[in-house]
Amino acid sequence: MVQLLEIGLANVELNLVSDKEKRLKFCINDHMDILIEILQRLDGRSLGSAACVCRLWQHITQSDMLWEHLCFHHVSPRLPSGVRPVVAALGGYRRLYMLCLRPVLSRLGLARQLSGGGGHQEVVRRVWTRHLVELSLSLFCVDYYERLGSGGGGGGRVGDASASSLMFLCKPVNV
Amino acid sequence: MGPYDSSTSSSAISSSPSSSTSSSSSSSSCAGKSPDQIDGLLAGAGYRVRSSELRHVAQRLEHLETVMVNAPSQISHLGNDVVHHNPSDLGTWVDSLLSDLNPPEYSDLRYDDFGPILDPSTITRAWTEHLIPEQQRIIPQHLSVATEMEEDSSIRLVHVLMTCAECVQGGEFSLACSLIDEMQHLLTRVNVGCGIGKVAGYFVDALSRRLFTPQGVALVGSTIENEILYNHFYEASPYLKFAHFTANQAILEGFDGHDCVHVIDFNLMHGLQWPALIQALALRPGGPPVLRLTGIGPPSPDGRDSLREIGVRLTELARSVNVRFAFQGVTASRLEDVKPLMLQVDPKEAVAINSIMQLHRLLVSDPTRTSPINNVLDWIRNLNPKIMTVVEQEVDHNQPEFLARFTEALYYYSTMFDSLETCSAQFEKAFAEMYIQKEICNVVCCEGSVRVERHEPLAKWRARLNGAGFKPLHLGSNSFKQASMLLTLFSAEGYCVEENDGCLTLGWHSRPLIAASAWKAVSEPNPSLGLISHPNNVL
């Protein structure tokens, strides 16, 4: 579906004017709401690619609302409204996705594939979702706390400031 | 005619390599040949080595083997893209491999293994007989094979360790010292980079400390050093994360419905446990409570108020997520020095006590006075906490006999080092190992009040806490699921979370290493007495 959307976008951008029929010139950049609707449906990787298209798109994709949608739209009991200010305070949905959700989901997806649950991924993911959300938020909070500490230079941390307890998420899975 | 005679006669006939010579004489019989003669046995295997060079080649091969065993990562390329020209020239081949690898020192060849060289023929015969299967093993296809020699040395090392511990227990110090020498020698023959060699190295070190340094000198680092090592242990392995997350989940559930809550942490360190709890409380349905945190920690040597600094960070975090938060730090070098009055507990608030690997330090048994654990458990009970989370190492290091303790420690820390091998960040792993090394030294070297690492297994803690007036709370399925999910995030497949009658244990390959449990005070004490320190609470 993503490819279809991308092709759709591409087609829309090329100003296809048939000499026989008069078509309206349609440029997606004039219709921000449609653009946002489309971007909301992309996955993380495509959203990242979209950010590289042009400055306008980069600006739009940096809006946290898109990433919030990406992070939590599949969570079946809707998250309480209090989540948004907390995530915003801790660094934003984009950072949450990049730092926690994406590695967690890929690690769990891989773990599930290994245990042979490939076809039931969506179903299983929804069952784990609440715990996944809570765990990701907790890890995100720990990361924020460590950034607070390394920024302030306190605590005597050895090593560079970007080292955090979330590094274990970024390490390759030792299969 | 003896074998030497026949080879002498055959060498007189032919001066070129001939496999017939090798088949006719069972011994290499180099003594009888002229030094330039190509060795017969090796020629039969397809290698051309001069008799005079045999010993040299043998040494070089052994050296190559040492290098390969000790640094397999350097030689992985050998398996793929090395082209050997003229491989039958064994000597040059080995030399070129060694020069590729830039071995650290030629001098670590073990000359003493050859023993006194009485009869060159027997020596070289032993070497060439040994050589042929060796060189086949060295051909770089399967580089991680431990040689038989190494396996034997490892097994022997463990046996000698046990014997030495027995000697130490029996007071036979001179024998113990000679055993230590033997173990140091054995350690040069095994791979001390991983596996049993590494663990044995630490234990040999601990035993020699016990024998040679004055009693009572513990490997106590400065507070800052301990904090740094603790942090790296936190990052390198899931044990502390498991402890924190499980305790937080239990505390969160215990605080359900309360609006004023107070958490008392027996060892604050950097406060890494609390951001997750603050965030979870911020998001709990019904809104966050008013949270107070009391952190207990040792005084810092340079006069910095490190507890206050951590408190400032936590306060800032809590403010970002809109949780009303207050922090106070209590400085005490030992947990038994803390008086309940210092904690300033308000009668209206719900109290949670959090002890991550601290209670075992109170088990120092001094016959002249009451065990501090009973005093501490008493005042904890009088605070009437909603929940007390206890996380402890799952092993018995508090037995009176030294040998039993030593054996337990050997198996426990071997498993723990095994699990640490999976950590891919070398930096973190090295520091985490130092952290564990301090524990090992304390268990093995120290006695009396200096030995604080008096771990006890879950069964003993259950008996103790039940007897002190606490009843267990079951850690729910949420904790279990969270712990399982946390583990799948770790890159190693060997960790396992198990549920043990309401408690959770985290282990490596079905050996539990750390156990988390939750408790609640049994009968409510008289509330008016709860917070005033009783002068008459003497046991």
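Just so we're on the same page: letters track the sequence lines, and every chain starts at 1.
- Here the side chain of B:S419 pairs a donor or acceptor atom with the backbone of B:M416 at under 3.5 angstrom.
- Remark: aromatic rings of B:Y234 and B:H270 are distant, center separation not under 6.0 Å.
- Residues of residues 320-331 of chain B lying within less than 4.5 angstrom of chain A, judged on heavy atoms, are B:S320, B:V321 in numerical order.
- Aromatic rings from A:H69 and A:Y93 are positioned such that their centres are separated by 6.0 Å or more.
- In this structure, the side chain of B:W508 does not engage the main chain of B:F417 through any donor-acceptor pair within 3.5 Å.
- The stretch residues 276-286 of chain B places B:A276, B:Q279, B:A282, B:L283 near chain A, each with some heavy atom under 4.5 Å from a heavy atom of that chain.
- Side-chain atoms of B:N248 and B:W274 include no donor-acceptor pair closer than 3.5 Å.
- Two residues are said to be in side-chain contact when any heavy atoms from C-beta on lie closer than 4.5 Å; A:E146 and B:L272 meet this criterion.
- Counted by atom type alone, A:D43 and A:S46 present one or more donor-acceptor pairs between their side chains at under 3.5 Å.
- For B:Q437 and B:E433, the side-chain atoms include no donor-acceptor pair closer than 3.5 Å.
- The candidate from A:P85, A:G82, A:S138, A:A88 with the greatest count of non-hydrogen atom pairs under 4.5 Å with chain B is A:S138.
- A distance of 6.0 Å or more separates the ring centres of B:Y495 and B:H509.
- A donor and an acceptor atom, one from each side chain of B:Q273 and B:D265, are nowhere located under 3.5 Å apart.
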